[in-house]
Amino acid sequence: MSPIAVIDFETTGISPDQGARATEVAIVLLEGGRVVDRFQSLMNAGTWVPPFITQLTGITNAMVQAAPAAASVMAEAARFVGSAPMVAHNAAFDRKFWQAELALAGLPAAQPFACTVLLSRRLYPQAPNHQLGVLVDYHGLPRTGQAHRALADAEMAAALLARMQHDLRTRWGVAAPDHDLLVQLQRCTKAAVPTLLAQLAAAAQP
DNA sequence: TGCCAGGCCCTCTTTAGGGCCTT
């Protein structure tokens, strides 16, 4: 199975359209349910980190000012991802920053995204909620590093994705839960999920 | 000065409103 790039950004706010910039990025390459490579860097976008963000993430203005320029970090991140399809927890958020920061660096952002929030809502509707930390605990997955830092959150999202692929194979009989299938699953309506999973399982029968 | 996202999903819905999820 070809690799999937699981990404997480830490940022100064909620939307690049409102002037928010990335402060840290981490990407975990997942292949066959295993982490095969990691990329992580703070980045200096020349912006001020609000106190609320420092309290949430532990990322300070001094840390960002000492970091390499955002454009060079994004160029490295784009090289690291290559043409791998991408996954994030609440992908609408990370995709916006991926596209905005690459655009500011003069680079294309053509990778398709799948979303572990949408997938979790379809596969695990009984979960208490679909926040990353809650889902990690719900599945008994290890919490790695400090929550709300990019690498720790990317590792947890990757573990959650690997769990979903494992469950799709073992619980629902889906032979090859690749990125295309994940996108297909997250796009179908909640009511159509059982039918789609049954069709995918039937297609996997010899 | 005051305000500030947006896509998805549910329901006391569909001529709408509110909560979730990310920083």
Side-chain angles (χ1 to χ4, degrees), chain A residues 5-28 40-61 63-64 67 70 73-74 77 86-104 109 111-139 141 143-161 163-164 182-197:
Chain A
V6 183
I7 189 167
D8 186 76
F9 278 108
E10 304 305 317
T11 73
T12 61
I14 214 72
S15 172
D17 294 338
Q18 302 294 318
R21 294 295 303 270
T23 57
E24 188 178 43
V25 62
I27 301 155
V28 170
Q40 180 271 329
S41 182
L42 288 159
M43 66 174 89
N44 183 1
T47 49
W48 176 71
V49 181
F52 165 71
I53 295 294
T54 297
Q55 195 171 19
L56 179 70
T57 65
I59 296 171
T60 65
N61 278 290
M63 289 164 67
V64 167
V73 172
M74 291 307 298
M86 303 184 76
V87 164
H89 197 69
N90 197 21
F93 176 87
D94 292 283
R95 183 178 57 228
K96 274 192 303 184
F97 280 94
W98 178 248
Q99 292 171 341
E101 292 293 346
L102 284 175
L104 287 169
Q111 296 85 352
F113 271 77
C115 176
T116 46
V117 174
L118 298 181
L119 289 166
S120 177
R121 285 175 178 163
R122 281 156 179 75
L123 294 177
Y124 313 114
Q126 71 281 10
N129 63 49
H130 300 277
Q131 295 170 21
L132 181 58
V134 170
L135 289 170
V136 163
D137 291 342
Y138 176 73
H139 289 292
L141 302 169
R143 280 180 176 264
T144 53
Q146 179 190 349
H148 295 298
R149 285 299 297 268
L151 185 58
D153 283 3
E155 296 258 17
M156 288 194 290
L160 178 60
L161 174 62
R163 177 57 183 258
M164 287 175 177
L182 297 175
V183 170
Q184 188 183 356
L185 182 58
Q186 78 175 37
R187 280 181 181 161
C188 86
T189 65
K190 239 180 164 172
V193 168
T195 303
L196 176 61
L197 289 173

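Throughout, protein chains are lettered first and strands after them, A, B, ... in sequence-line order, and every chain is numbered starting at 1.
- Here the separation of B/dG18 from B/dT13, taken at their P atoms, is 13 Å to the nearest Å.
- One can place CD of A/E101 at 20 Å from P of B/dT22, the figure rounded to the nearest angstrom.
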Taking N or O atoms only and anything under 3.5 Å, show me the protein contacts with nucleotides 1-8 of chain B, one pair per line.
| unit_1 | atom_1 | unit_2 | atom_2 | d |
| --- | --- | --- | --- | --- |
| B/dC4 | O2 | A/Q18 | OE1 | 2.9 |

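- With hydrogens and angles ignored, the 3.5 Å screen pairs no side-chain donor or acceptor of A/E101 with any backbone N or O of A/M74.
- Checked against side-chain hydrogen bond (donor to acceptor under 3.5 Å, both in side chains), A/R187 has no partners two or more places apart in sequence or in another chain.
- If you take CE of A/M156 and C1' of B/dT22, they are 13 Å apart, rounded to a whole angstrom.
- Comparing A/H89 and A/C188 against DNA chain B, the residue whose closest nucleotide sits nearer the 5' end is A/C188.
- Here A/F97 lies out of heavy-atom contact (under 4.0 Å) with every strand.
- Residues satisfying the side chain to side chain contact (heavy atoms under 4.5 Å, CB included) test with A/P112, not counting sequence neighbours, are A/P85, A/H179.
- Only the C1' atoms considered, B/dC12 is 27 Å distant from B/dA5, to the nearest whole Å.
- Here, B/dC8 and B/dC4 have their P atoms 22 Å apart, quoted to the whole Å.
- A distance of about 25 Å separates the P atoms of B/dG6 and B/dT1, rounded to the whole Å.
- Within the structure, side chain to side chain donor-acceptor pair (under 3.5 Å) pairs that include any residue of residues 52-61 of chain A do not occur (at least two apart or interchain).
- Separating the NE2 atom of A/H148 from the C1' atom of B/dC21 is a distance of 11 Å, rounded to the nearest angstrom.
- Atom P of nucleotide B/dC21 and atom CG of A/L135 are separated by 8 Å, given to the nearest angstrom.
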Anything under 3.5 Å between a donor and an acceptor, one on a side chain of residues 42-53 of chain A, the other on a protein residue two or more places apart or in another chain? List them.
| unit_1 | atom_1 | unit_2 | atom_2 | d |
| --- | --- | --- | --- | --- |
| A/N44 | OD1 | A/G46 | N | 2.8 |

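- For B/dG19 and B/dG2, the P atoms lie 25 Å apart once the distance is rounded to whole Å.
- Look at CD1 on A/I7: it is 13 Å from C1' on B/dT22, rounded to the nearest Å.
- Under the side-chain contact (heavy atoms from CB on, under 4.5 Å) test applied with A/T116, the options A/V6, A/V87, A/L135, A/L123 reduce to a single match, A/V87.
- As judged by a 4.0 angstrom heavy-atom cut-off over every strand, A/N129 is placed among residues touching the sugar-phosphate backbone only.
- Here A/Q111 pairs with A/W98 under the side-chain hydrogen bond (donor to acceptor under 3.5 Å, both in side chains) rule; sequence neighbours left out.
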